[in-house]
Student: 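Structure in structure tokens, see below.
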Amino acid sequence: MHVNFSAEELRFQDEVRTFLRDKYPADIRQKTDTGVPLSREDYIRWQKVLYQQGWAAIGWPVEYGGTGWSPVQRYIFANEMANANAPDMVPFGVKMVGPIIYTFGNEAQKKRFLPDILASNVWWCQGYSEPGAGSDLASLKTRADRDGDHYVVNGTKTWTTLGHLADWIFCLVRTSSDVARRQEGISFILIDMKTPGVTVRPIITIEGEREVNEVHFENVRVPIENLIGEEGKGWTYGKVLLQHERTNIAGVARSKYRLTRLREKIMQPIHGGRPLVEDANFVRKMAAVEIELKALEYTELRTLAAVAVGKAPGPESSLLKIRGTEVQQAIEVLFLEAAGYYALPYVPDQYVLDLPVEDRIGHGSETTTSLRYFNNRKASIYGGSNEIQKNIIAKHVLGL
Amino acid sequence: MDFSITEEQSMLADSVSRFIDQDYDFERRMSIAESDDWFSDDVWQAFADLGLTAALFSEEDGGLGGGPVELMLIMEQFGRGLVVEPFLANVVLAGGVLKRAGSEKQKAELLAGIMAGTTQAALAFAEPQGRFDAADIATIATPDGAGYRLSGRKALVLNGGAADFLIVPARTSGEQADVDGITLFVVPSDAKGLTRKAYKTVDAHSAAEIELRDVLVEKSSVIGEVGRAYPVLSDALDDATLAIAAEAVGIMRTLHDKTVEYSRNRIQFGVPIGSFQALQHRMVDMLMECEQTRSLLMWAVMLADGSDADRQKAISAIKYQVGTAGRHVGEEAVQLHGGMGVTWELDVAHYFKRLTSIGILFGNADYHLDRYVALS
Ligand SMILES: Cc1cc2nc3c(=O)[nH]c(=O)nc-3n(C[C@H](O)[C@H](O)[C@H](O)COP(=O)(O)OP(=O)(O)OC[C@H]3O[C@@H](n4cnc5c(N)ncnc54)[C@H](O)[C@@H]3O)c2cc1C
């Protein structure tokens, strides 16, 4: 047992660092550093840089354009991306629908969709949840009825992250209700958002931004060649997708980066007053979060090591999701507390307008801490809520 | 020992409660919150008509003679209604200073306007460098001719954008964080050399950053004694802390009730989510937090007229409780509402945001736990 990287791994780390230093656009970094939401164009420009480098699809098989990296290389890459505060790929294409298509799609579908996902030519979003089907996803009601060589889709998807920026949506829909188990009548289809009958309406989240949407389908005609795999098998495909989501699910590297920033921040005198590092209460709380994060990092590394020797990842991913989001949320609380009174002003525009520091309310980006704290309450709700993750562990690990 | 309230006090609570139910539903509240105004003039006038703006002042000062119990009853209802109007800034903070230390003339000119609801006021209780320490004052007042010249910066001045005048603590002697050497000044908001950047806060209240550059004021603008204002400032802030603690109790109870109600109606897996024991226990924990917080609130209200040391200790105890239990209840309410809990559309998110602000205002849980220890 040892914690050192090999010479080869260190060379790889250097390569990633050099790439990020030279190719990560400064204007985008400035936005991520101050907490300004990125535009669609920003995301695409950056993702195309990763694509050009051959690093867009870390987890894909090499034959489809993936990297073929070892778990340690992925770990190094995630850390370097976080340390540069570089955005990850928007997950819906490359992490979610891509693996489904190369695993269950036919040759024509792979040819048609995979290259555009890889090159960020097409923006995807995820249409699973419905107003009545959140934790209980299998109760979904959106229908796709066969009509000649088309499906006619009717229903409502909700919480669709960045759906207003998307070109295509992948959906779980009901193709049959005449089945023994509710899960069996569900199919996985791809829908062009420009098809007549698709409408996207904003849902404003707690901190005041448009991040999620409701997507309505009214007699939307979808060619049957957009069905992935077999009709009625969508549920099983969706489950496989959940396993692909597990890489980076805990967000360890991002959390480490945030804690480093916080440590720097508390060394600075507060507006000319005393630095927060002199407050023993705060420092102890920060240390406790750091220890929890270290445990999580090693739990994740243990999981990756097991996968590398051929063990299928199991419900450990639920542990990573629960503890990972708890740590993220604990870090937001620390930032909030560090900001003191400057957590209160609601002035999101001052970063978007890029006002000079002396014209801003608060120095640095203290006023974004509360917005991040509020917004990140979502982390324990989406992607299978933490309660549902505990149910999974209880059932599949404890056997209860 | 007596937990009951008088008939008059219960009538007061009923009248505020009725106003919230009839004239201040969530839709109205959001239309005020999302408007360009700092608050609703109509609502403010209604508060004056109901006697709320005068409720906490003595009869000699022209008020209705209420005390900590009245403060608690009003604020708890304001919590329930998520009221954004600047009662805290006008009545509890600025009014709290004036009733304690104002001259007859200042009371007649300024306090009368606050009680009538015709004057807007603010107390500049914080500075950018001071974190939660109200004695950390770098704003300097130097004698100048017949008056004083003020220079410095004030942070998060509640109601600072709407205020007609500000009460500005400034240092007339001593070192930056000394409790001695602080003097309170009345400064009109249109004074030469005063600039303000006003904004809404995350809970839809409003505040301002204020800069004073060689602002000249007359000697008569001093409130109370020169160099000895800290006890006045500190007592007014303790009142305000008690006020937001009562508001928090109203919010926590509302969040608890709404969560239980939601869990009865939200169906997943063919049953109400409230039937899952994992969630039932969480809601029971929320209820216990609400009850414990209410108990500490009542204790603090009962001690509010007692000795300084007991009163301050009780205030810090309740504020610590509000900071910790409040965050717990707020986060749980959001979590148990699932995705709906993080939407702007649902009131739960806005209660949670106000509770978060309250947790920070006048010192967070760490600050008050330290103060509690220091007083023990
Ligand atoms: C910001 C955000 C972005 C999202 N993005 C997407 C997206 O892009 N695409 C998409 O398809 N979906 C998305 N979602 C939806 C997300 O997956 C759902 O919100 C989630 O599955 C929870 O469902 P719900 O909101 O309906 O809550 P509910 O299922 O109604 O749950 C309410 C509460 O009950 C608890 N609960 C439910 N069942 C049980 C049980 N059996 N035992 C114990 N507790 C239980 C939950 O944990 C939660 O606390 C997003 C959600 C959010 C908030």
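The structure displayed is predicted, hence computed values, not measured ones. Scope of the values below: all heavy atoms of this structure, side chains included, with no hydrogens, waters or symmetry mates. Convention: sequence-line order gives letters A, B, ...; per-chain numbering from 1.
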Student: Quick one: ring-ring contact (aromatic ring centres under 6.0 Å, His included) partners of F87(B), sequence neighbours excluded?
Tutor: F78(B)
Student: For V333(A), is it the side chain, the backbone, both or neither that has a heavy atom under 4.5 Å from a heavy atom of chain B?
Tutor: side chain
Student: At a heavy-atom separation under 4.5 Å, does I360(B) approach chain A through its side chain, its backbone, both, or neither?
Tutor: both
Student: For A155(B), is it the side chain, the backbone, both or neither that has a heavy atom under 4.5 Å from a heavy atom of chain A?
Tutor: both
Student: Please classify the contact between P131(A) and chain B as side chain, backbone, both or neither, with a heavy-atom cut-off of under 4.5 Å.
Tutor: backbone
Student: So which of L336(A), L276(A), I361(A) has the largest heavy-atom pair count under 4.5 angstrom toward chain B?
Tutor: I361(A)
Student: Under 4.5 Å from any heavy atom of chain B, what part of I203(A) do you find: side chain, backbone, both or neither?
Tutor: side chain
Student: What part of A338(A) is in contact with chain B, defined as an atom under 4.5 angstrom from a non-hydrogen atom: side chain, backbone, both or neither?
Tutor: backbone
Student: Please walk me through it: do I206(A) and F352(B) pass side chain to side chain contact (heavy atoms under 4.5 Å, CB included)?
Tutor: CA-CA 10 Å; I206(A) 178 166; F352(B) 171 51; 3.7 Å; yes
Student: I need the residue from A339(A), A138(A), G362(A), P345(A) with the largest number of non-hydrogen atom pairs under 4.5 Å to chain B.
Tutor: P345(A)
Student: By a 4.5 Å heavy-atom criterion (distance strictly below it), what part of L361(B) contacts chain A: side chain, backbone, both, or neither?
Tutor: both
Student: Between chain B and chain A, identify all donor-acceptor pairs below 3.5 angstrom, including backbone and side-chain atoms.
Tutor:
residue : atom : partner : partner atom : Å
R131(B) : NH1  : E337(A) : O            : 3.2
R131(B) : NH1  : A338(A) : O            : 3.2
R131(B) : NH2  : E337(A) : O            : 2.7
K197(B) : NZ   : D359(A) : O            : 3.3
K200(B) : O    : Y346(A) : N            : 2.8
V202(B) : N    : L344(A) : O            : 2.8
E209(B) : OE1  : Y342(A) : OH           : 2.5
R266(B) : NH1  : P131(A) : O            : 2.8
R266(B) : NH2  : P131(A) : O            : 3.3
Q268(B) : OE1  : G134(A) : N            : 2.9
Q268(B) : OE1  : S135(A) : N            : 3.1
Q268(B) : OE1  : D136(A) : N            : 2.8
Q268(B) : NE2  : G132(A) : O            : 2.8
F269(B) : N    : D136(A) : OD2          : 2.8
R282(B) : NH1  : E387(A) : OE2          : 3.0
R282(B) : NH2  : E387(A) : OE2          : 2.8
E331(B) : OE2  : Y373(A) : OH           : 2.6
E331(B) : OE2  : R377(A) : NH1          : 3.4
Q335(B) : OE1  : S380(A) : OG           : 2.6
Q335(B) : NE2  : S380(A) : O            : 2.9
Q335(B) : NE2  : E387(A) : OE1          : 2.9
Q335(B) : NE2  : E387(A) : OE2          : 3.4
V342(B) : O    : I206(A) : N            : 2.7
W344(B) : N    : I204(A) : O            : 2.9
K353(B) : NZ   : I206(A) : O            : 2.7
F362(B) : N    : Y341(A) : OH           : 3.0
D366(B) : OD1  : K285(A) : NZ           : 3.4
D366(B) : OD2  : K285(A) : NZ           : 2.8
D370(B) : OD1  : N281(A) : ND2          : 3.3
D370(B) : OD2  : N281(A) : ND2          : 3.0

